[in-house]
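Here is the structure we will look at, set down as structure tokens.
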Number of protein chains: 2
Amino acid sequence: MSTANILIVEDELVTRNMLKSVFEAEGYNVLEANDGDQMQQIIKENSNINLIIMDINLPGKNGLLLARELRENQNIALIFLTGRDNEVDKILGLEIGADDYITKPFNPRELTIRIRNLLTRTMQENLYFEEVREKVENYKFNGWTLEIDSRSLISPNGDLFKLPRSEFRAILHFIENPGKIQTRAELLLKMTGRELKAHDRTVDVTIRRIRKHFESIPEAPEIIATIHGEGYRFCGQIE
Amino acid sequence: MSTANILIVEDELVTRNMLKSVFEAEGYNVLEANDGDQMQQIIKENSNINLIIMDINLPGKNGLLLARELRENQNIALIFLTGRDNEVDKILGLEIGADDYITKPFNPRELTIRIRNLLTRTMQENLYFEEVREKVENYKFNGWTLEIDSRSLISPNGDLFKLPRSEFRAILHFIENPGKIQTRAELLLKMTGRELKAHDRTVDVTIRRIRKHFESIPEAPEIIATIHGEGYRFCGQIE
DNA sequence: TAATACTGAAACGATTCAGTAACAATACTG
DNA sequence: CAGTATTGTTACTGAATCGTTTCAGTATTA
């Protein structure tokens, strides 16, 4: 199983390095280009690129056309980086048909999830990467502990549940955004990198599965509350 | 929250079905017309259409004029489908002022993004979803607390009522505009994004429902006062 | 005071939303 | 590869919310 090759086209060194380190931490192989010309060069020399992630403002007309061709003729995924939302129109206007757009500033974890999904769709490759966390710190709330390393939930009595990935991510997201209402769209994105479509009950089902863990201790208060018409909200007392 | 109604005017069955399935996946309500006549018919029967997407070659002169009228007099967005780029000139020549046009073959994802943006601009309703609250701060008045995060009202004894969305919005609006008389029109707009029509008692009913919460503590003073012939006024002492 | 306009209230109906189980598909593991 | 774990989908049910209607009661005004 070969790792994916990602080409970053971005002139800002800071951004490029950040992207690079994120991707390398995920085990991808990273190539870099400063502008459209370099991009062309690199593509010529490397036939095995799986994904290009490029700043929308950079590569010039030729670069964009090249990207479009690559996307259509070969099996290369294409993601644009944009500075602000209004630039999304710009992308649409170009009619290039990117696979995804990401607005700066971006969240590394979200980015990696999206990329992984995209690559799984594009390549048959089954890469599974654990996530990289800077601060590995466990969270405690209402007597429960969320253990980051082992991705598990420990009840007040010490019973341990290994959490599936999406349940874990949902809880983590809740805890890292305490008190705020989280929409289904937001939760689904954090859990799977997907976008919410109508009639998708995935989030509800996952919430249900999470709640079941807490039921193991019946006296437990309502940890995840439903906000009708809006989403869910974590009500635990985080220590 | 009502979903948007989209009318597709297109004779090619394949294209129409494709559009339909794309929109329905997004949760929109889809109506279909084969030609200009059917379009006219359907518009007559449905007063609540938010967006029309039509093939530029179809509806004949009358259909186009009708579309133009709708766009100008009512608040209906209009998108044209064109076969080839050169037809774009045609649209411009017609001086109808479409909100957008899309050339076939189109990219579903691009289409949904454009539509979403357009509807957000057209329907005031959607403004409320976007509303971002920076300062999440709770409000207190006469011993009661309005908790923003959880969208709930806490009585002086600590009893907690989860508020429905429109009750919550009404109270929030009162508190953020203390002392001022709020007309029914204003309140309805804040609650639901709708405009007040004659004989609409929705606001009265909602106020009643809000007052019921306060009744749970009988000694409470009148928190929301009726201003005969004008509207309502919040009389709580905000801390 | 009588006529009129306005509001309160209850009850109902419609619609949208959330919870859940059961199943299907997919990914992961040994 | 087979078996298991996880994730996603569907369909159904009940609940929550919202809006309408109707009518009785209250305030306002001529």
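A note on names: the letters A, B, ... follow the listed sequences, proteins ahead of strands, and every chain is numbered from 1. Keep in mind the model is a prediction, meaning the values are calculated, not measured.
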How many Å lie between [atom1] on [X] and [atom2] on [N], as a whole number?
| X | N | atom1 | atom2 | value |
| --- | --- | --- | --- | --- |
| A/Met191 | C/dT26 | CE | C1' | 16 Å |
| B/Arg184 | D/dG19 | CZ | P | 15 Å |
| B/Asp204 | C/dA5 | CG | C1' | 13 Å |
| A/Lys212 | D/dT6 | NZ | P | 14 Å |
| B/Ile224 | C/dA9 | CD1 | P | 12 Å |
| A/Arg208 | D/dG14 | CZ | P | 17 Å |
| A/Lys197 | D/dT10 | NZ | C1' | 16 Å |
| A/Ile210 | C/dG19 | CD1 | P | 12 Å |

For B/Gln38, side-chain hydrogen bond (donor to acceptor under 3.5 Å, both in side chains) partners two or more places apart =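 With neighbours one apart ignored, the set is empty.
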Would you mind classifying the nucleic acid contact of [X] as base, sugar-phosphate or nothing, using non-hydrogen atoms under 4.0 angstrom?
| X | answer |
| --- | --- |
| A/Tyr232 | sugar-phosphate |
| A/Leu163 | nothing |
| A/Thr206 | nothing |

Test item: side-chain donor near acceptor, B/Thr226 and B/Arg211, under 3.5 Å =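 B/Thr226 vs B/Arg211: donor-acceptor pair found between side chains.
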Quick one: pull up [atom1] in [X] and [atom2] in [Y] and give me the separation to the nearest 0.5 Å.
| X | Y | atom1 | atom2 | result |
| --- | --- | --- | --- | --- |
| B/Thr15 | B/Leu81 | OG1 | CG | 7.5 Å |
| B/Leu31 | B/Gln41 | CG | CD | 12.5 Å |
| A/Ile223 | A/His213 | CD1 | NE2 | 13.0 Å |

Name the orientation class of the two ring planes belonging to B/Phe234 and B/Phe141 (parallel below 30°, tilted from 30 to 60°, perpendicular beyond 60°).
->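 Rings of B/Phe234 and B/Phe141: perpendicular, as their planes differ by over 60°.
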Whichever of B/Glu230 and A/Thr226 has its nearest DNA chain C nucleotide further upstream toward 5' =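 Going by which nucleotide is closer to the 5' end, it is B/Glu230.
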Annotated protein contacts, base or backbone, on nucleotides 20-30 of chain D with a non-hydrogen cut-off under 4.0 Å, one of B, S, - each | BBB-----S--
What bend angle does the helix from C/dT1-D/dA30 to C/dG30-D/dC1 show across its length, from five-pair end axes and to the nearest 10 degrees?
->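 The angle separating the two end axes equals 30°.
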Starting from the C-alpha separation in whole Å, work towards a yes-or-no answer on side-chain contact (heavy atoms from CB on, under 4.5 Å) for A/Thr202 and A/Arg194.
-> CA-CA 11 Å; A/Thr202 305; A/Arg194 253 188 307 153; 3.8 Å; yes
In terms of side-chain heavy atoms of A/Pro164, which of C/dA10, D/dT6, D/dT17 is nearest?
-> D/dT6
Would you mind reporting whether A/Tyr28 and A/Leu51 have side-chain heavy atoms less than 4.5 Å apart?
-> no
May I ask you to say whether B/Arg201 pairs ionically with B/Asp204, meaning some side-chain N is under 4.0 Å from a carboxylate O?
-> yes
Can you find a side chain N or O atom of A/Arg211 that sits less than 4.0 Å from OP1 or OP2 on C/dG19?
-> yes
